[in-house]
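Lettering follows sequence order; numbering is per chain, from 1. All values below were derived from every heavy atom in this structure, side-chain atoms included, with hydrogens, water molecules and symmetry-related copies excluded.
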Amino acid sequence: MSLLITIMAGILFAAGVYCLLRRNMTKLIIGIILLSQAANLLVFTMGGIRAHQPVFADSETGTVAAGHADPVPQALVLTAIVIGFGLMVFTITLLMRAHAVLKSDDVNEFNHTDALP
Amino acid sequence: MIWLVLSLLLPFITAVACLRKERCGPWVPRLSLIGAVLQLGSAGMLMNHALEHEYVIIHVGAWAAPFGITLVADLFSAMMVLITAVIAVAVALYSMGDIDQRHTQKHYYSLIHLLLMGVNGSFLTGDLFNLYVWFEVMLLSSFVLITLSGTKDQLEGGVKYLLINILSSILFLCGVGLLYGKLGTLNMADVANMLSNHDDALLVNSSAMLLLVAFGIKSALFPFFFWLPASYHTPRVSISAIFAGLLTKVGVYALIRSYTLLFHSQFDVVQDVLLFLAGMTMLTGVFGAASHFDIKKILSFHIVSQIGYIAMGLAIGTPIAIAAAIFYTIHHILVKTNLFLIAGLIERRCGTTDLKKLGGLAKASPALALLFFIPAFSLGGIPPLSGFWAKFGVVKAGLDAQHYWLVGCALFVGVLTLYSMTKIWAEAFWKKAPAAGKEQKAASSDSLPKVMVIPCVGLALITVWLSLNPEPLLELSTKASEQLGNPQGYIKEVLGK
C-alpha cells in the first residue's frame, strides 16, 4: 500500500510540474492542485501506513501497543488539506478575475508589470 | 508570558474589531491604530522579558514539548516582533491618509492586522508545522491585500505572487513531511537535538534543501526572486510598504532560524550554497534596480539586493556575521518601509513615481527632500547613517572569515546601490521639473496630510538615532547572535532537560 501511494505521489508531482510548465491558465490551476495533493500524499505516507493498529492506549496498562499507526501525519495532512482548499478557491477566483481583465489565458501575456521603461 | 500570547492575540482582536465596519465606519482606522499601538506596548514588554529571562516560552495547552506546540521568544524573535510592531504603528498611521473609503470597505484594516498576526506567529513559533500554518495566515491575507484594488497591474502581479508563493508552501510542506518521516518530531528544538546527535547527511539534506528553496522563495533569494519586482510596486503604497518591510524578512528569519537551530550541526552542507546565493542575490538585485526608472520598481529591486547582504551574514556564519545580519535586518526594515512610504508621499504630491516625469522636488518641497535623503542614503551606506554600520559589520565579518570575493561583491553592490539612490535623487529632486509635471502638481493639493508625514518623520528619526548611536542595537544584536550561536541553550530551555 505504501509503495502504491508513494508511486502515486511521484506521478502526481510529475503531472503537476508538467502542467505548471504549460502556458495555459487552466493547466496552471490543475498543476497547482495536483502538486498540493502530491504534497499531501507525501506527508500522509511519512508516518508509515499501518492498518488495524489504532493509537488507542490500553485502558489497564495505559500504554500503546507497539507498531501503532502514527496519528500526527494525519492531523498534519488534514490541516494542510484545509489550507490548500482555501488557497485553491482564492487562486481560481483570482485567475478568473485576471482572465476577465486581461482577456487572455496565455500566461506569457502577463508581462506588463515586468516591462522595462 | 502574557506578552507572548498578546503579540498574537492583539492583532487578531484588532482584525475582528475592524470587521464591524458598518456600525463603526469612521472608527475603523482609529481602531487599527489603537490596536497597533497596543501591540507595540506588548512587544516592548516581551522584549523586556526576553532580555531578563533570555527565553520566554509557552507550551500551548500545557502539552509539554515536543508533543504540543511551543511558542518561544528568544532575543532575536523578540527583536523582530518589536520592529514589526513599530512598522505596524507607522503603517496604521499612514493608512489613515492613504487608504480611501473603498479599500476600507474591502476590509483593508482587518487584513493588515491578520497579516501582522501571521508575521508575529512566524517569529514566535517553535514548531515547524506551526510555522507553515503561520506562513499561510500571512500569505492568504497578503494575497488579498496585493490584489485589493483589482486593477490590471495588481491582478497580473498578484497572479505571479500567488503562484510562486503557493509553490513555495508546497515545497515547505514536503520538507516538513520528509523531516517528520525521518525524525518523528517537528518541534524545532527536538529536531535540532536529534540532528546534532546524528551526522548522517542523508538524513537531513533533502529536507534542508527543500526548506532552503521554500524560504528562499519567501525571502526573494537569487534564483527565486522574480515574483517580487513583478508585484511589489502594484498595490497601494501602505500595502507595498508593509510588504517590503516585513514579508521578505519573515523568509530571512526562517532561514536564519533553520541554519542556526534546526540544521546547526549540518551548517557546512549548505554554507557554500548560501554564500553563492547571497552574492548572486546582491548582484542581480542591484543590476535590476540600476536599470529601472520608477521609484517603486527601483525600491523593489533594492529589497532583493539588501536581502543578499543579510543572507551573506548568515552564510558566513560566524557570531559577528550573524550579529551583523540581525543589525542589517532591523536597519533594513526601518529604512525600506520608510522609503516606500515616502515614495507614496511623492506620488501623492506629483501624481506619479516615474522618474522621467518627476523633477524639481528639492526646490518645490525641501522638507520632503530631506525626508527622502535620510533613509535613501542610509540604504546606500553613507557614513554615519545606519546603513553604513550595517554594511560595515557584514563586510568586516566577511574579511575576518576570508571570503574576499564575497566582500568584493558586497562593496561593488554598495557602490551601485548608491548609484541608483543618486539616480532617484538627481531625477526627482534636483532635475528641473518637466513641463507636464507642473500641471500635475497644480492638480494635486500642495500640502500633504499630516497623518502621512508623521510616520515618515518618525521612522527617519529612528534611523538617525540608530545612526548616531548604533551601540545599543549592536550590543543587542551581538547578544541575540550569541544566543543563536548556542542552540544547546534553546534546546535545553524548550525541552526542559
Point to revise | Nearest non-hydrogen partners of A39(A) and I170(B), listed with the distance | key: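 Heavy atoms of A39(A) and I170(B) come nearest at CB-CG2, 3.7 Å.
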Check your understanding: For V43(A) and G177(B), which heavy atoms make the closest approach, and how far apart are they?
Key -> CG2-CA, 4.0 Å
Practice item. With a 4.5 Å cut-off on heavy-atom pairs, point out which of L20(A), T45(A), I32(A) contacts chain B the most. Key: I32(A)
**Study point:** Top contributor to chain B interface from L87(A), T91(A), L76(A), D70(A) [non-hydrogen pairs under 4.5 Å]
**Key:**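 Ranked by contacts with chain B, first place is L76(A).
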Review point. Counting heavy atoms not belonging to F44(A), are there more than 12 under 6.0 Å from its CZ?
Key: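 For F44(A), atom CZ is not crowded (no more than 12 foreign heavy atoms under 6.0 Å).
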How many angstroms lie between [atom1] in [X] and [atom2] in [Y], if you round to the nearest 0.5 Å?
{"X": "S169(B)", "Y": "L35(A)", "atom1": "OG", "atom2": "CG", "answer": "12.0 Å"}
{"X": "L102(A)", "Y": "D153(B)", "atom1": "CG", "atom2": "CG", "answer": "9.0 Å"}
{"X": "I166(B)", "Y": "M88(A)", "atom1": "CD1", "atom2": "CE", "answer": "5.0 Å"}
{"X": "R97(A)", "Y": "K152(B)", "atom1": "CZ", "atom2": "NZ", "answer": "13.5 Å"}
{"X": "L155(B)", "Y": "L94(A)", "atom1": "CG", "atom2": "CG", "answer": "6.0 Å"}
{"X": "L139(B)", "Y": "F90(A)", "atom1": "CG", "atom2": "CZ", "answer": "11.0 Å"}

Heavy-atom contact with chain A under 4.5 Å, split by part of [X]:
{"X": "L140(B)", "answer": "side chain"}
{"X": "V176(B)", "answer": "neither"}
{"X": "L162(B)", "answer": "side chain"}
{"X": "F143(B)", "answer": "both"}
{"X": "L186(B)", "answer": "side chain"}

Point to revise | Max heavy-atom pair count under 4.5 Å with chain A, selected residue of T234(B), L171(B), V144(B) | key: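 It is V144(B).
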Exercise for review: Select one option (side chain, backbone, both, neither) describing which atoms of L42(A) are under 4.5 Å from chain B's heavy atoms.
Suggested key: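 Only the side chain of L42(A) comes within 4.5 Å of chain B.
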Point to revise | Test side-chain contact (heavy atoms from CB on, under 4.5 Å) applied to F129(B) and V72(A), step by step | key: CA-CA 11 Å; F129(B) 192 79; V72(A) 178; over 6 Å; no
